[in-house]
Amino acid sequence: MELSNRSWRKDVAVWNKTTIGLSSDLKDAFQRIKRHFDFNVEFDAYKFCLSIAVIRGLEKPKNLNSSSRDTKWNTGSLDKDNAVISLLSALYPGIDDYTSVAENTAEAGIEWIDEILTLYEDEETSLDELIKMAKAE
């Protein structure tokens, strides 16, 4: 068997696009989250927002006024170890457009986290507290 031929791995999900975008409506909220939780790398903050949305069972943002997304990251940089695509394919088997699923889910997480930060604006919300809130509600 030739090792360079990976066609035998048809069960492995692949990104259908090479880039991930972020809605222009959520840029400020995303930057606020990044600053608040002191993420050094933007796509770490993005993956955190996606994770929170998965914990909460959120699949789509509810308050987007714009459907335009600006390209932010290459999927290969965002998901070097394929952990994100593996998670999405386990949660949503048979989906062809994992890029849109990732974008919608992460943006739903951005919305929710931004709402929490606004609600508790006078308090310092930690990552730990936010995860507990995500699991509790």
Side-chain angles (χ1 to χ4, degrees):
M1 176 182 355
E2 185 180 326
L3 291 178
S4 63
N5 182 357
R6 295 190 175 227
S7 62
W8 54 273
R9 298 285 319 249
K10 293 186 191 271
D11 60 320
V12 176
V14 294
W15 291 103
N16 57 302
K17 297 177 189 164
T18 58
T19 58
I20 295 273
L22 179 64
S23 170
S24 53
D25 290 350
L26 293 173
K27 279 182 183 176
D28 291 341
F30 178 72
Q31 288 304 318
R32 177 182 181 197
I33 292 164
K34 183 181 171 288
R35 278 190 314 273
H36 182 90
F37 294 110
D38 200 27
F39 284 102
N40 292 324
V41 180
E42 279 192 339
F43 55 71
D44 286 344
Y46 190 82
K47 288 191 281 188
F48 177 73
C49 294
L50 187 140
S51 299
I52 290 294
V54 168
I55 291 169
R56 299 270 315 138
L58 306 172
E59 294 181 5
K60 290 191 174 188
K62 56 185 175 180
N63 297 316
L64 281 185
N65 296 320
S66 165
S67 61
S68 69
R69 287 187 170 113
D70 299 326
T71 299
K72 281 299 269 179
W73 306 282
N74 179 288
T75 53
S77 299
L78 177 77
D79 194 23
K80 288 180 184 176
D81 61 358
N82 289 326
V84 174
I85 192 101
S86 294
L87 171 68
L88 295 175
S89 65
L91 292 172
Y92 310 102
I95 298 289
D96 291 330
D97 188 358
Y98 287 108
T99 305
S100 292
V101 170
E103 290 168 335
N104 286 330
T105 305
E107 289 177 356
I110 292 167
E111 270 187 345
W112 185 82
I113 294 167
D114 190 54
E115 288 171 10
I116 294 298
L117 293 179
T118 300
L119 187 62
Y120 296 100
E121 198 163 26
D122 296 335
E123 301 172 28
E124 186 62 30
T125 306
S126 70
L127 284 173
D128 233 12
E129 291 168 326
L130 187 74
I131 292 168
K132 286 177 186 170
M133 285 183 223
K135 289 179 179 180
E137 293 183 22

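Keep in mind the model is a prediction, meaning the values are calculated, not measured.
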key: Gap between atom OG1 of Thr125 and atom CE of Met133 - 0.5 Å precision   = 5.0 Å
request  = Check the pair Val14 / Ile85 against side-chain contact (heavy atoms from CB on, under 4.5 Å), numbers first and verdict last.
outcome  = CA-CA 7 Å; Val14 294; Ile85 192 101; 5.8 Å; no
message = Would you say CG of Asp70 has more than 12 non-hydrogen atoms from neighbouring residues, nucleotides or ligands within 6.0 angstrom?
response = yes
ask   = Under 4.5 Å between any side-chain heavy atoms of Val84 and Tyr98, yes or no?
value = no
ask   = How many angstroms lie between CD1 in Ile110 and CG in Asp25, if you round to the nearest 0.5 Å?
value = 11.5 Å
note = From the list Asn74, Thr99, Leu50, side-chain contact (heavy atoms from CB on, under 4.5 Å) with Ile20 holds only for Thr99
inquiry  = Counting C-beta onward and ignoring hydrogens, is there a side-chain heavy-atom pair between Lys72 and Tyr46 closer than 4.5 Å?
reply    = no
ask   = Between the main-chain N or O of Leu26 and the side-chain N or O of Glu107, is there a donor-acceptor pair closer than 3.5 Å?
value = no
ask   = How long is the span from the CZ atom in Phe30 to the CD1 atom in Ile113, to the nearest 0.5 Å?
value = 9.5 Å
inquiry  = With a 4.5 Å cut-off on side-chain heavy atoms, are Phe48 and Ile131 touching?
reply    = yes
query = Atom CG of Asn104 and atom CG of Leu58: how far apart are they, to the nearest 0.5 Å?
reply = 11.5 Å
request  = Verify, without hydrogens or angle tests, whether Asp114 (side chain) and Ile33 (backbone) share a donor-acceptor contact under 3.5 angstrom.
outcome  = no
Distance in Å, Ser100 OG paired with Ile95 CD1, rounded so as to fall on 0.5 Å steps = 10.0 Å
ask   = Given side chains that start at C-beta, do those of Ile116 and Leu130 come closer than 4.5 Å, heavy atoms only?
value = yes
note = Between the OG atom in Ser77 and the CD atom in Glu42, the distance rounded to the nearest 0.5 Å is 12.5 Å
query = Is any side-chain heavy atom of Glu129 less than 4.5 Å from a side-chain heavy atom of Tyr120?
reply = no
key: Residue pair Leu88 / Trp15, side-chain heavy-atom distance below 4.5 Å   = yes
message = Quick test of your reading: applying salt bridge (Lys or Arg N to Asp or Glu O under 4.0 Å), list the pairs with at least one residue in residues 75-84, sequence neighbours left out, ordered by first then second residue.
response = none
inquiry  = For a quick test of reading the model, state the closest non-hydrogen atom pair linking Ala90 to Pro93 and the distance between them.
reply    = O-CD, 3.8 Å
inquiry  = Using side-chain heavy atoms (C-beta onward) and a distance below 4.5 Å, is Phe39 in contact with Lys47?
reply    = no
remark   = Nearest heavy-atom approach of Cys49 to Ala106 is CB-O, 3.8 Å
inquiry  = For Leu117, is there any backbone N or O sitting under 3.5 Å from a side-chain donor or acceptor partner on Arg32?
reply    = yes
inquiry  = Main chain of Ser86, side chain of Ser89: is a donor-acceptor contact present, judged purely on distance under 3.5 Å?
reply    = yes
task = Evaluate the side-chain proximity of Leu91 to Val101: yes if any heavy-atom separation is below 4.5 Å, no if none is.
result = no
